[in-house]
Amino acid sequence: MTGDNAEELAVEQALALVGGRNHARDRADDHACDRVDDQARDRADDRTGDQTGDQMPHKQNPGEPADPHPTPYATPSAPFAPSPPASPAPALPWDRARAVAARAGRGGPLAVVRLPLDRALGHVLAEPLAALTDLPSFDTSAMDGWAVAGPGPWTYEEGVSLLAGGGESPTAARLPDGTAVRIATGARTPADTTAVIRSEHAHVDEARGLLSTRRPVVTGQDIRPRGQECRSGDQLMPAGTVVTPAVLGLAAAAGYDALPAVPRPRVDVLVLGDELLAAGLPHDGLIRDALGPMLGPWLRALGAEVSGPRRLGDDADALREALASSDADLIVTTGGTASGPVDHVHPVLAALGAELLVDGVTVRPGHPMLLARLTPDGPHLVGLPGNPLAAVSGLLTLAEPLLAGLAGRPAQDAYRALVHADVPGHPHDTRLVPVVHRAGRAGGRDHVAPLRYNGPAMLRGIAAADGLAVVPAGGVRSGTEVEILDLPWAPATPWTEGCFT
């Protein structure tokens, strides 16, 4: 992490257009005994040698992602009691963990609010945007010039003009054949208008009171007919569209004063660790908190409304109180997800009777990430590892698909790109590697280049990246296509050849 204030400002400015929030957290919950039975069967599969994650659980609805290995800290007869499971659930493969998070986010009905146009920017449309009027709502001139009827030359009345937004001239409500009238861009064309002649193509003989044209006239030229863009009732944008400035303009043109939107999910950020400093240089075994400043802007870029980070240190009681009192839709914690002497996340979740949906993911960095549901109808918690790049991995693996579902956004479209350079892989796990996109040279294909600073505690690579390559176990050779996860901003400064590769 650079810690440079100017770079932080640049990142904040790059995150201006975000959308979505969802207060509705209700979802139909499977019976605890069914989940425990599924978990036991999956563990039996693992013991017989299935380590790929392709095995599907027994309870699965058609067309839906595989069910997770939910680990209730309760027995089937006493849901959500603070008794830990007898043995931990296996870590999920990376793609399956993302599917679990996405499914959890889509678990309940979306809330809908109506927001005035000046407050709707960055939210997600809760309903399709249908036109309330024809666009344009009447025939209009596309150019400054002359509205003409019939063949020319045309007579005209001196001093008479049709202006945008102006009332109709009594003499121009209907345009008889052989006549013309001056017209401005956007003005309503009179009935029976054949075409509009642009000012630069017209020749006016003031002495004779006649208008002629230097070019052939085509019927309908430079007229925007009523309904050219849409008819009343046409769908302009589907539900799930992020409201951008252009969508606001379209909505206003189509007759809207307010838009049906999904409220943004509310997120609390809890920073754990006694070793973290909020300011100043590292000293005496203390290090700067890199995640507190980073998570708020990043989560806002994912469509959330984020409270300021709360630094709790390594205090189990403070963590339990913060979780129990939160009214957020999602709580994100940093650090404390492993099994060290001050890693309190698992014990506190057990004490609160939470349910683990994901407890570890076979991905590097970020293996000890987790996803939990605090109560059957309550908020979710994403536990991020404490190392900065490992936390980024957790954000994109669990928080991003979960928030997309809560906010009513479509999931990020997966795509693949060529990678230039061999990328080593983990022997068994997926790797997420920061990359930067490159345009092809001399007719070559566009590609991505891996960045060198990609250790779990490093942020230098991700700060220069515009995506993460999903590298399968064993690695990939140069020229191989890999899945890419886009980041919601471009690098704050131009990437310099050779600095990071």
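Sequential numbering from 1 along the given sequence is applied to the chain's residues.
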- Query: For atom CZ of Arg231, is the number of surrounding heavy atoms from other residues, nucleotides or ligands below 6.0 Å larger than 12?
  - Reply: yes

- Under a 4.0 Å N-O cut-off, is there an ion pair linking Asp144 with Arg198? no

- Query: Is a side-chain N or O of Tyr256 found less than 3.5 angstrom from the main chain of Pro116, in a donor-acceptor match?
  - Reply: no

- Query: Donor-acceptor pair, Ser141 side chain versus Met143 backbone, under 3.5 Å?
  - Reply: yes

- Message: Test your reading of the model: is there a side-chain donor-acceptor pair from Ser478 to the backbone of Ala421, 3.5 Å cut-off?
- Response: yes

- For Arg215, does the CZ atom sit with more than 12 other heavy atoms under 6.0 Å from it, leaving out its own atoms? no

- Report yes or no: does Thr133 contribute a side-chain atom to a donor-acceptor pair with the main-chain N or O of Ala254 at less than 3.5 Å? no

- Task: State whether the side chain of Ser137 and the backbone N or O of Asp134 hold a donor-acceptor pair below 3.5 Å, judged by distance alone.
- Result: no

- Task: Describe, in one word, how the ring planes of Trp146 and Tyr156 are oriented to each other, choosing from parallel (under 30°), tilted (30 to 60°) and perpendicular (over 60°).
- Result: perpendicular

- Message: So for atom CD, which belongs to Glu206, do other residues, nucleotides or ligands contribute more than 12 heavy atoms lying within a distance under 6.0 Å?
- Response: no

- Task: State plainly whether the residues Arg182 and Glu157 are in salt-bridge range, i.e. N to O under 4.0 Å.
- Result: no

- Going by distance alone, is a donor N or O of one side chain under 3.5 Å from an acceptor N or O of the other, for Ser326 and Asp268? yes

- Query: Is Arg431 reaching over with its side chain to a backbone N or O of Pro424, donor-acceptor style, under 3.5 angstrom?
  - Reply: yes

- Message: Taking CZ in Arg208 as the centre, count heavy atoms belonging to other residues, nucleotides or ligands within less than 6.0 Å. Is the count above 12?
- Response: no

- Query: Among Asn454, Ile484, Leu451, whose side-chain contact (heavy atoms from CB on, under 4.5 Å) with Val435 holds?
  - Reply: Ile484

- Query: Say you draw a straight line from CZ of Arg364 to CG of Leu389; how long is it, rounded to the nearest 0.5 Å?
  - Reply: 13.5 Å

- Is the side chain of Gln228 donor-acceptor paired with the backbone N or O of Pro225 at a distance under 3.5 Å, no angle test? no

- Salt-bridged, Glu305 to Arg300, with N to O below 4.0 Å? no

- May I ask you to check whether Trp94 and Thr362 show a side-chain donor-acceptor distance below 3.5 Å? no

- Under a 4.0 Å N-O cut-off, is there an ion pair linking Asp139 with Arg226? no

- Message: Are there over 12 heavy-atom neighbours, none belonging to Asp205, within less than 6.0 Å of that residue's CG?
- Response: yes

